[in-house]
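Shown next, in structure tokens, is the structure this report addresses.
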Amino acid sequence: MALLIRSHTANLPTKSNSFLAMAETKTAPAAEDGSRKKTVVLVAVDDSDHSYRALEWAVRHAATAGVAAELVVVHAKPPASSVVTFGSPAAAGDVVRVVDADLRKRAEDVVDRARRLCVANSVHGLIEVMEGEARYVLCDAVDKHHADLLVVGSHGYGAIKRAFLGSVSDYCAHHAHCSVMIVKQPKTKK
């Protein structure tokens, strides 16, 4: 289930820079009018600072790229039923409704923050909330939008946390049908 929050696309400003050239793994076909296809950059956001660093990176680099780009921002809202797995069916129904309301509010906050970041940088794009597990939602969104580049943030989990929690960025790097940029937090100097 996809809930379209806002749909607005526009050409991004262009300057001489080849940032998005890496996203063009396949040659962009010329349209009938002779123009080239836009490069589609899909950015994953959640309520973490890591994902907003990825969005900032994509906005900063896409806005200075020398190619026409379309920005798609996707938030994966987990289904309430995946969060609530205890109690009797009657109690679970009430809990699911409360949890779902909280997840919807969190999704609205995530989208609002992403929208503000884009507006502050004069970048317009498509912002979607899709329900499901993030790793699958992002790979499906890549296919749906024919993305050339997927940009995700890295939480910087160590091997043990990554083994227990899984890594969305690692999954996408191996399963998405496009190039994947993993934006890491800069290391602090001691």
Side-chain angles (χ1 to χ4, degrees), residues 1-8 40-63 70-86 92 94-142 144-145 147 149-176 178 180-188:
M1 173 178 101
L3 171 64
L4 184 63
I5 298 296
R6 179 179 178 172
S7 176
H8 186 275
V40 178
V41 178
L42 193 139
V43 183
V45 293
D46 58 21
D47 58 354
S48 71
D49 288 336
H50 304 281
S51 73
Y52 290 102
R53 178 169 298 285
L55 180 57
E56 288 171 352
W57 185 92
V59 165
R60 183 175 66 246
H61 286 84
E70 180 178 336
L71 182 69
V72 179
V73 180
V74 174
H75 171 66
K77 179 182 112 24
S81 59
S82 71
V83 178
V84 180
T85 58
F86 62 88
D94 292 337
V95 173
V96 167
R97 281 189 288 281
V98 170
V99 170
D100 189 54
D102 182 59
L103 291 171
R104 284 182 184 275
K105 173 67 174 124
R106 184 176 297 166
E108 289 172 13
D109 293 345
V110 167
V111 167
D112 185 52
R113 184 174 174 191
R115 185 179 297 120
R116 285 192 319 258
L117 193 150
C118 290
V119 168
N121 288 281
S122 301
V123 173
H124 301 283
L126 175 69
I127 300 177
E128 286 186 330
V129 173
M130 300 172 73
E131 187 169 320
E133 190 176 335
R135 64 188 76 219
Y136 305 123
V137 163
L138 294 175
C139 288
D140 289 346
V142 162
K144 173 184 171 185
H145 295 284
L149 178 66
L150 170 62
V151 181
V152 295
S154 172
H155 287 273
Y157 293 148
I160 294 172
K161 268 192 179 178
R162 198 168 44 247
F164 284 107
L165 299 176
S167 169
V168 172
S169 59
D170 184 60
Y171 182 89
C172 291
H174 289 92
H175 294 91
C178 68
V180 178
M181 171 61 72
I182 301 172
V183 179
K184 296 183 177 184
Q185 295 288 97
K187 291 192 179 223
T188 55

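Sequential numbering from 1 along the given sequence is applied to the chain's residues. As the structure is a prediction and not an experimental result, all values here were calculated from the model.
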Under 3.5 Å, is there a donor-acceptor pair between the Glu70 and His145 side chains?
-> no
Looking only at heavy atoms, what is the nearest atom pair of Leu150 and Cys172, with distance?
-> CD2-CB, 3.7 Å
Euclidean distance, Leu138 CG relative to Met130 CE, rounded to 0.5 Å | 8.5 Å
Note, Leu117 side chain near Glu56 side chain (heavy atom, < 4.5 Å) | yes
Residue set satisfying side-chain hydrogen bond (donor to acceptor under 3.5 Å, both in side chains) with Asp112, at least two apart, ordered chain then number -> Arg116
Counterpart residues, side-chain contact (heavy atoms from CB on, under 4.5 Å), relative to Ala134 (two or more places apart) = Ala76, Val168
Minimum heavy-atom distance between Cys139 and Ala176, given as atom pair plus value = SG-N, 3.8 Å
Asp100 meets the salt bridge (Lys or Arg N to Asp or Glu O under 4.0 Å) criterion, sequence neighbours left out, with Lys77, Arg104
Residues at least two apart in sequence or cross-chain that pass side-chain contact (heavy atoms from CB on, under 4.5 Å) with Asp109, listed by chain then number, are Lys105
Can you tell if the side chain of Cys118 reaches within under 4.5 Å of the side chain of Val59, non-hydrogen atoms only?
-> yes
Have a look at Val40 and tell me which of Leu126, Leu71, Val72 forms a side-chain contact (heavy atoms from CB on, under 4.5 Å) with it.
-> Val72
Are the side chain of Ser169 and the backbone of Val152 linked by a donor-acceptor contact shorter than 3.5 Å?
-> no
Where is the tightest heavy-atom contact between Ser154 and Lys184, given as atom of each residue plus distance?
-> CB-CG, 4.0 Å
Among all residues two or more places apart in sequence or in another chain, which pass the side-chain hydrogen bond (donor to acceptor under 3.5 Å, both in side chains) test with Glu133?
-> Arg135
Looking at residues at least two apart in the chain, or sitting in another chain, which of them share a ring pair (Phe, Tyr, Trp, His ring centres under 6.0 Å) with Tyr171?
-> Tyr136, His175
Residue pair Asp170 / His174, side-chain heavy-atom distance below 4.5 Å | yes
Check Val43 against Ala58 and note the closest heavy-atom contact, atom names and distance.
-> CG2-CB, 3.5 Å
Rounded to the nearest 0.5 Å, what separation is found between the CZ atom of Arg60 and the CG atom of Leu55?
-> 11.0 Å
Heavy-atom pair with the smallest gap, counting every atom of Val110 and Tyr52 = O-OH, 3.0 Å
With Arg106, which residues qualify under salt bridge (Lys or Arg N to Asp or Glu O under 4.0 Å), at least two apart?
-> Asp47, Asp102
Positive for side-chain contact (heavy atoms from CB on, under 4.5 Å) with Cys178, one of Leu42, Val41, Val142 | Val142
Return the minimal non-hydrogen interatomic distance between Gly153 and Ala54, and the atom names on each side.
-> N-CB, 3.6 Å
